[in-house]
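Just so it is clear: chains get the letters A, B, ... in the order the sequence lines come, proteins before strands, and each one is counted from 1.
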Amino acid sequence: MDDTAELAAFRAEVRDFALTHCPPEIRAVVAANGKLGRKHWAPWQRILHAHGWGAPSWPREYGGTGWDQRRRHIFDEVLAECDCPPQYHHGLRHIGPVLIEFGTAAQKARFLPGILNGEDWWCQGYSEPGAGSDLASLKTRAVRDGDDYVVNGQKLWTSHAQEADWMYTLVRTNTEVKRQEGITMLLIPLSTPGIRVREVRTIDSWHHVNEVFLEDVRVPAANRIGEENKGWTYGKFLLDRERLGGANVAPAFRFLERCRELVARQLAGPANALKREQLEYRLLLAEAELRGARELGKAAVDAVMAGRPLGLMPSELKLSTADTVQRIGAIALDAVGERVATRFRPVDGSGPNAEVEDIEWVQNFMYLRAKTIFGGSNEVQKNVVAKQLFGM
Amino acid sequence: MAFEPKPMLPGDTFDAARRFAEASALKLARLHEPAARAAELATQWAAVLELGWAGTLVPEACGGADGTLLDLAALAEGAGSAGLALPLAATCAVAPTLLAGQDALLADLVAGRLQPCIVLDGLTAEAGRLSGRAVGVETPPAPSHALVATGEALYLLDLAGIGFARHERIDGRLTLDLEVQGAPATLLRPDAGEVIRRARDLGALLTCVEAVAAMGTLIQQTIGYLLARQQFGAALASFQALRHRVAEMYVAYRNLTGLVQAALAEPSWQNIAFAKLRLGEAGRFVAEQAIQVHGGMGMTEELPASHLARRVLMAEFEYGDRHTQAARLLAA
């Protein structure tokens with residue numbers, strides 16, 4: 001559905017704000033496909049909050065904007081078009097809504113303000129060495145001891161743990177029942193004694209994921225969300241709320257445009273004609289696929305607006321975009337690989353070529369492998385789609 | 001409940017076209033000789049003209065229904081969902097677009113007095129005479145004329161007395177090969193460049209509509225086959241490799257559906273070119289994989305799914321294949 005005049009004005013207002021208020025040095029990192037962290041997100045969150053746009057996805061009484069799904073979609077789209085960091089971090093989009101739905105008054109008063117103004121930074125302690133796609137098999141154990149839980153175990157793939165203050169965590173509190181029924185959600189300060197965070201070195205050479213070891217970590221029972229052994233419900237609530245996340249294809253379009261500029265810049269001249277034309281053709285195929293995905297995204301927003309069930313749309317969106325973005329990353333790798341993949345990590349020495357221009361494209365190619373793995377791997381998504389299609 | 005494709009343009013028009021196309025496919029499936037099939041197609045084409053489909057876009061004053069592009073697209077979607085082997089896009093979209101403003105010819109088109117094939121490439125004109133060779137031109141079973149584009153000009157060539165060979169395409173539709181040397185023709189418009197480009201784009205768009213509808217049915221039939229067929233003591237539908245393949249086919253189909261819907265909502269040449277480009281990729285993938293997961297059955301002429309797969313494969317080559325569309329988009 002196309003914008004009405006009112007929505008077009010809204011779009012213009014968001015654009016104007018984004019371009020004038022999002023710090024240029026932060027937008028430059030986004031524009032260069034750099035790695036985003038707390039130091040980019042938190043200041044931007046503070047700015048948005050000061051403007052009253054701190055939590056578009058939250059109810060108005062908790063600091064939400066009162067925008068409907070279409071406006072929120074437009075908001076996310078415009079931020080991406082303006083190279084602003086996506087307003088998507090664990091506090092705001094994950095644990096915040098869970099606190100609002102299931103938290104005590106005291107928990108809301110303690111945690112929501114810090115999420116809104118970007119002062120508290122959160123990470124998600126879900127996956128474990130033995131519990132990835134099959135999350136319900138998690139083993140990190142929490143045993144009640146007086147007013148505390150004592151937590152022992154290990155979390156894995158914990159993004160932002162190196163820079164977060166808090167970790168919302170799924171732990172096992174009952175081993176006697178069905179796997180999903182013995183899980184509890186705890187909010188754990190990462191400064192608690194017994195917690196050790198270790199970087200997981202990844203193939204992209206960026207630091208984003210960690211192992212978190214928990215050894216006799218005492219967590220006050222007051223930091224439990226809702227009831228004991230109901231953590232799976234809260235975790236699922238969180239994931240269900242984010243099923244529209246894939247509807248915003250705008251960041252992928254920006255990525256495509258940057259890649260197209262790279263190809264034009266990197267492969268100018270007749271000597272590169274064949275390669276340039278092939279890469280331009282592949283970019284066009286990717287663009288066609290993204291355009292298709294954008295329509296699926298609009299249809300998903302329309303469905304939410306009309307109160308219709310989303311059905312397979314989230315899986316369709318993920319499967320329609322994740323590989324495509326990977327393919328764009330591969331096109332960029334093909335454009336710069338000979339020059340840059342050969343100089344991935346500095347060893348020693350200095351000189352005029354020590355700074356490797358365009359290295360982010362190689363890092364992105366590596367990083368983007370994760371697109372089809374996290375948030376429900378493509379294989380899991382295909383299982384979901386097939387189950388629906390075959391009715392079995 | 002196993003998958004049932006949801007039409008983009010549901011309603012009576014879609015339903016009627018679908019029923020017609022399904023009946024048509026059943027009759028054709030029993031005929032193996034190309035000549036017998038061509039005769040059956042001639043009977044069916046007469047019925048199509050009787051139903052007034054050729055007049056969908058034609059003004060009422062010329063005997064048409066004065067319908068919208070979406071009305072015609074609903075017809076194409078219904079017909080495409082069963083792989084109707086008749087020149088719907090050419091006769092119902094391309095021809096009336098080329099003939100816009102030529103009221104007498106439009107009335108002839110609606111009434112079936114004018115049954116043109118459309119020659120967009122291959123012929124040149126000099127002093128009102130056409131020369132050149134155009135092969136594999138989609139045609140009604142008994143074409144009366146050829147509507148010929150020569151660069152910027154549009155001609156009407158009477159086929160009476162001109163011999164031509166006919167073939168069946170891979171999807172069972174009829175084509176003709178035309179070779180003329182100085183054949184006299186009527187100049188309809190000297191400055192038809194824009195109209196010709198538009199007509200070609202609308203042909204491409206309706207081809208996409210037909211193809212995406214065929215892909216929906218093809219996936220449905222593939223799922224039905226995998227649910228029914230037992231091997232190694234289990235339904236093929238229980239094997240993950242096949243389930244994932246079908247999921248990939250479905251996602252490709254849905255993605256293409258999005259592009260086709262966008263092009264129907266705003267039929268700019270770019271939107272159409274992107275849809276057609278993607279049809280080249282997604283359609284080929286779905287068709288190939290449908291044949292693959294049907295196993296040996298997929299190789300058989302009789303299998304309805306193999307007919308739909310060939311329809312989808314063929315659609316890419318109508319009104320500009322993926323490379324033609326890419327070249328246009330890159331040049332823009």
Side-chain angles (χ1 to χ4, degrees), chain A residues 1-2 246-247 249 260 263-264 273 276-303 308 311-324 327 372 377-392, chain B residues 1-6 8 212 219-220 222-224 226-227 234-266 270-271 273-282 322-323 325-332:
Chain A
M1 184 174 300
D2 288 327
V249 189
R260 195 167 263 155
V263 167
R276 184 178 62 246
E277 282 168 14
Q278 290 204 351
L279 297 192
E280 282 171 347
Y281 178 64
R282 283 162 60 191
L283 279 166
L284 212 51
L285 295 179
E287 181 175 352
E289 212 165 344
L290 284 184
R291 282 168 174 259
R294 183 166 62 192
E295 296 306 317
L296 296 180
K298 282 188 203 165
V301 172
D302 287 346
R308 290 194 305 270
L312 284 177
M313 285 186 202
S315 294
E316 289 169 18
L317 276 165
K318 177 125 204 273
L319 290 168
S320 244
T321 50
D323 311 36
T324 316
R327 278 200 280 280
T372 47
S377 70
N378 269 26
E379 287 68 29
V380 170
Q381 304 288 350
K382 285 175 196 173
N383 284 346
V384 170
V385 171
K387 190 166 183 207
Q388 184 83 34
L389 293 180
F390 285 95
M392 63 172 259
Chain B
M1 266 297 277
F3 167 68
E4 269 182 49
K6 272 203 221 57
M8 299 180 288
V212 82
I219 291 170
Q220 182 183 24
T222 302
I223 287 169
L226 295 177
L227 282 167
L236 288 181
S238 66
F239 294 102
Q240 195 182 41
L242 300 176
R243 293 169 68 86
H244 280 196
R245 194 72 53 81
V246 170
E248 289 160 15
M249 292 161 68
Y250 170 77
V251 171
Y253 153 73
R254 288 282 297 156
N255 184 282
L256 177 62
T257 304
L259 282 165
V260 174
Q261 283 179 308
L264 284 171
E266 194 198 325
Q270 288 93 339
N271 278 351
F274 271 114
K276 195 70 182 19
L277 175 67
R278 182 89 190 105
L279 169 62
E281 294 283 308
R322 73 186 97 174
H323 292 97
Q325 305 299 342
R328 293 171 80 193
L329 288 163
L330 287 174

Identify which part of [X] has an atom lying under 4.5 Å from any heavy atom of chain A, answering side chain, backbone, both or neither.
X        : answer
B:Gln261 : neither
B:Gln240 : side chain
B:Ser238 : both
B:Leu256 : neither

Please rank [options] by heavy-atom pairs under 4.5 Å with chain B and give me the top one.
options                                : answer
A:Asp323, A:Leu319, A:Leu283, A:Leu290 : A:Leu319
A:Arg294, A:Glu280, A:Gln381, A:Met392 : A:Met392
A:Ser320, A:Ala293, A:Gly297, A:Gly391 : A:Ser320

Inset, instruction - List the atom of B:Ile223, the atom of B:Ala2, and the distance in Å for their closest heavy-atom pair. - result: CG2-CB, 4.1 Å
Legend entry - Within 6.0 angstrom of B:Glu4 CD, more than 12 heavy atoms from elsewhere: no
Legend entry - B:Arg254/B:Tyr250 under side chain to side chain contact (heavy atoms under 4.5 Å, CB included): CA gap, chis, key distance, verdict: CA-CA 6 Å; B:Arg254 288 282 297 156; B:Tyr250 170 77; 3.5 Å; yes
What part of [X] gets within 4.5 angstrom of chain B, counting heavy atoms only: side chain, backbone, both, or neither?
X        : answer
A:Asn383 : both
A:Leu312 : side chain
A:Gln388 : backbone
A:Ala299 : neither

Out of curiosity, [X] [atom1] to [Y] [atom2], how far, rounded to the nearest 0.5 Å?
X        : Y        : atom1 : atom2 : answer
A:Arg291 : B:Gln270 : CZ    : CD    : 8.0 Å
A:Glu295 : B:Asn271 : CD    : CG    : 8.0 Å
B:Arg322 : B:Leu329 : CZ    : CG    : 14.0 Å
A:Leu284 : A:Glu287 : CG    : CD    : 6.0 Å

Inset, instruction - Identify whether the distance between the nearest side-chain nitrogen and carboxylate oxygen of B:Arg278 and B:Glu281 falls below 4.0 Å. - result: no
